[in-house]
Protein chains: 4
Amino acid sequence: MNDSRTRILDAAEALFAETGYEATSTARIALAAEVPKGLLFHYFPQKLDVLLTLIDERTAIEEPPEEPLPPDPAGALRRLASRLPLRASPSMRRILFREADTHRTARERITALNRELVRRARRALELTLPGARGDAARLEVAAATFAAVLLYQENLFHLTGDRIDPDALADLITRALM
Amino acid sequence: MNDSRTRILDAAEALFAETGYEATSTARIALAAEVPKGLLFHYFPQKLDVLLTLIDERTAIEEPPEEPLPPDPAGALRRLASRLPLRASPSMRRILFREADTHRTARERITALNRELVRRARRALELTLPGARGDAARLEVAAATFAAVLLYQENLFHLTGDRIDPDALADLITRALM
Amino acid sequence: MNDSRTRILDAAEALFAETGYEATSTARIALAAEVPKGLLFHYFPQKLDVLLTLIDERTAIEEPPEEPLPPDPAGALRRLASRLPLRASPSMRRILFREADTHRTARERITALNRELVRRARRALELTLPGARGDAARLEVAAATFAAVLLYQENLFHLTGDRIDPDALADLITRALM
Amino acid sequence: MNDSRTRILDAAEALFAETGYEATSTARIALAAEVPKGLLFHYFPQKLDVLLTLIDERTAIEEPPEEPLPPDPAGALRRLASRLPLRASPSMRRILFREADTHRTARERITALNRELVRRARRALELTLPGARGDAARLEVAAATFAAVLLYQENLFHLTGDRIDPDALADLITRALM
DNA sequence: TATGAATGAGCTTTCATTCAT
DNA sequence: AATGAATGAAAGCTCATTCAT
């Protein structure tokens with residue numbers, strides 16, 4: 001139901017990801033969505049509302065899952081690395097990172113994502129390396145580093161082309177704490 | 001001499017950094033540079049040329065310095081972290097990262113920066129940790145991780161607000177290799 | 001209905017005829033048509049489309065009529081001369097000839113007009129001068145000459161101011177073939 | 001001597017012929033002439049002066065030659081047809097005809113050319129067909145027709161592509177008067 | 001909801017022309 | 001005579017947005 005609205009958002013998602021928000025005209029969105037130009041403004045009074053709606057409805061920071069973590073630190077980090085706690089299509093991820101510079105809403109999502117990622121990494125390390133708890137500061141740095149690399153990959157990998165193997169990363173971080 | 005051209009580039013640099021390339025009109029650039037609109041196109045036939053010229057003339061990947069590295073790995077990494085091998089103002093850095101998604105020239109600079117950064121980190125670790133040379137793969141991951149965090153900071157720090165202490169990072173990486 | 005589009009074409013037709021395509025600005029067309037500047041580009045994405053549409057919609061090469069020709073050659077040519085097989089206003093005719101040099105579409109129309117004109121003249125002479133059929137080459141030259149003078153008048157008369165009387169022309173051509 | 005001025009005129013001649021006066025910018029002329037933009041305006045205060053100078057200096061209507069005409073009418077016309085009494089390069093001829101619609105100076109040259117052409121044709125026919133002198137009106141039409149076809153060829157031949165053989169034309173006109 | 005014509009501000013770019021050197 | 005930076009009006013065109021139907 002409400003086919004048009006969805007088609008508009010689909011088209012905008014694809015175009016924003018490819019060309020960027022500013023360089024995408026509402027006319028092009030309507031054309032790609034096969035919807036009359038006027039209808040776009042029926043659902044989204046301003047062009048900006050299309051972007052905000054996309055971020056609002058098509059990106060979400062996930063809660064940590066219920067399943068128990070693997071007992072070893074490398075395994076725990078590896079599982080974390082296997083999937084960012086961000087429910088969003090590849091297109092939406094690109095949009096989120098690209099527009100974060102200029103749009104608060106996108107920036108807030110990324111901040112939340114970063115925070116959640118660090119929190120999970122910290123918790124995973126705390127649980128699997130009880131001995132390391134003594135040095136809380138070092139553990140924090142390890143968690144932040146882990147999160148930074150994952151977000152770096154998400155954001156800049158398609159630019160630099162070099163990818164860090166998640167397993168090797170998990171292994172590296174673990175070693176630093178033992 | 002050639003005051004106007006410089007003023008145009010200065011104005012563009014500031015505005016592109018603040019608002020992004022697409023959202024900055026040539027009229028605003030000319031106004032900020034206090035030159036007539038037409039003059040901008042005398043020096044830069046297309047708006048895009050302003051951006052490309054900025055990247056070309058105001059960003060450069062530095063060659064590694066001559067000075068000897070500190071003998072300890074943490075110290076060597078720390079010195080590396082203290083300054084990216086990128087000769088560019090803070091504004092130009094923002095522009096470089098923001099436009100990398102859509103402009104090949106910017107993307108190539110970042111790729112080169114990443115490569116140079118990894119190369120230096122690798123070399124620093126090889127020289128200061130001769131024993132680690134045995135495990136080349138792990139050393140490579142360590143170098144890449146180090147570079148990733150530095151670029152992540154450069155790119156996303158002003159978004160997430162969390163900063164990883166470079167000294168602690170250097171320490172962490174070093175530990176993982178011992 | 002669709003008043004604006006027609007008004008734009010009307011205004012363009014008048015202005016192109018008077019000043020030429022290149023020297024007529026879209027702003028002047030919109031002003032003369034009493035429509036906002038933007039609307040012109042709603043109907044015609046490029047300025048050139050206005051010209052091409054005019055040529056396409058407002059000039060047409062006519063098919064020969066059904067009515068029987070007068071039995072005598074001079075009469076037959078005279079009727080031909082009385083009306084070019086070109087359905088187009090005087091303004092459109094001027095535009096067609098003036099822009100033929102630089103626009104293929106206009107050139108093609110004139111070529112078609114020339115061909116049709118020669119074809120009709122040849123046929124008129126063949127039918128009314130059965131005896132002349134023997135010298136096909138001379139008849140062809142006569143037809144081509146007749147067509148050339150008519151198109152010359154159309155194109156250059158308002159320049160030179162001298163007009164050849166069509167009846168006298170028909171008479172002259174006929175005499176040459178007897 | 002005065003190389004620059006000549007180079008500007010040469011470049012303008014080529015460009016006006018190819019693209020038309022309006023569509024040729026002074027910058028393009030200067031570029032093609034390999035002359036600084038400012039210099040053009042030193043020699044020609046206005047762009048229009050370039051065109052007027054070209055017409056003034058590089059087109060001229062020729063006086064009739066001294067040599068005696070061939071004694072037969074077809075031969076006399078044939079010689080006339082072999083060369084228009086217009087001293088001008090092919091480029092200048094195109095410019096003359098193309099700009100005649102909008103520039104009085106060009107129009108006046110063509111009018112003069114037409115008049116001279118008719119005058120010569122009339123005189124040729126009078127001299128070689130003394131018997132025809134009786135019907136002055138018919139002779140006038142013949143001369144005008146002859147001139148019209150020659151100018152038509154000059155102006156529209158490269159458009160329609162069909163060329164009337166001058167010998168056959170001379171023959172046709174002659175026959176009509178006998 | 002749906003439609004696409006209408007609007008006008010603003011965009012990038014072009015241009016003829018000026019002028020200090 | 002030579003030069004190219006400077007000027008600003010105006011060009012073609014794009015755009016988000018409105019609105020009558």
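For the numbers below, each heavy atom of this structure counts, side chains included, while hydrogens, waters and symmetry mates do not. Lettering of chains follows the sequences in order, A, B, ..., and the numbering in each one begins at 1.
- Evaluation of the salt bridge (charged side-chain N to carboxylate O under 4.0 Å, His left out) test over residues 38-61 of chain C, restricted to residues two or more places apart or in two chains, returns C:Arg5-C:Glu57, C:Asp10-C:Arg58, C:Glu13-C:Arg58, C:Asp56-C:Arg109.
- For the pair C:Asp49 CG and F:dG12 P, the computed distance is 13 Å after rounding to whole Å.
- Residue order along DNA chain E, read from the 5' end via each residue's closest nucleotide, puts A:His42 first among A:His42 and C:Pro36.
- Among residue pairs with one or both ends in residues 18-41 of chain C, those qualifying as ring-ring contact (aromatic ring centres under 6.0 Å, His included) are C:Phe16-C:Tyr21, C:Tyr21-C:His103; sequence neighbours excluded.
- Rounded to a whole Å, the CZ atom of D:Arg7 is 15 Å from the P atom of F:dA1.
- Listed nucleotides: E:dA2, F:dA2, F:dA5. Nearest to the side chain of D:Tyr43: F:dA2.
- In terms of the side-chain contact (heavy atoms from CB on, under 4.5 Å) criterion, residue partners of B:Ala23 (sequence neighbours excluded) are, by chain and number, A:Glu22, B:Thr19.
- With sequence neighbours excluded, the residues forming a side chain to side chain donor-acceptor pair (under 3.5 Å) with D:Thr102 are C:Arg98, listed by chain and number.
- Rounding to whole angstrom units, CD1 of residue D:Ile29 and P of E:dT14 are separated by 17 Å.
- Of the possible polar contacts, none joining the D:Arg28 side chain to the D:Leu15 backbone as a donor-acceptor pair under 3.5 Å is found.
- For B:Glu34, the side-chain contact (heavy atoms from CB on, under 4.5 Å) partners are B:Arg7, not counting sequence neighbours.
- Judged purely by atom type and a 3.5 angstrom limit, B:Arg94 has no side-chain atom pairing as donor or acceptor with the backbone of B:Glu18.
- Among residues two or more places apart in sequence or in another chain, the side-chain contact (heavy atoms from CB on, under 4.5 Å) test is passed with C:Glu62 by C:Arg83, C:Pro85, C:Arg87, C:Arg120.
- Taken together, the paired segments of DNA chain E that extend over three or more consecutive Watson-Crick or G-U pairs, each closer than 3.5 Å at both contacts, are E:2-21 with F:2-21.
- Whole-Å rounding puts the B:Arg28 CZ to E:dT12 C1' distance at 16 Å.
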Going 5' to 3' through nucleotides 15-21 of chain F and flagging B where a protein heavy-atom sits under 4.0 Å of the base, S where only the sugar-phosphate is that close, and - otherwise, we get SBBB---

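- For B:Leu39, counting side-chain heavy atoms from C-beta on, the closest listed nucleotide (E:dA6, F:dA2, F:dT7) is F:dT7.
- The side-chain contact (heavy atoms from CB on, under 4.5 Å) search around C:Thr160 returns C:Tyr152, C:Asp162, D:Ile110, D:Asn114, not counting sequence neighbours.
- Note on A:Ser4: a side-chain N or O is less than 4.0 Å away from OP1 or OP2 of E:dA2.
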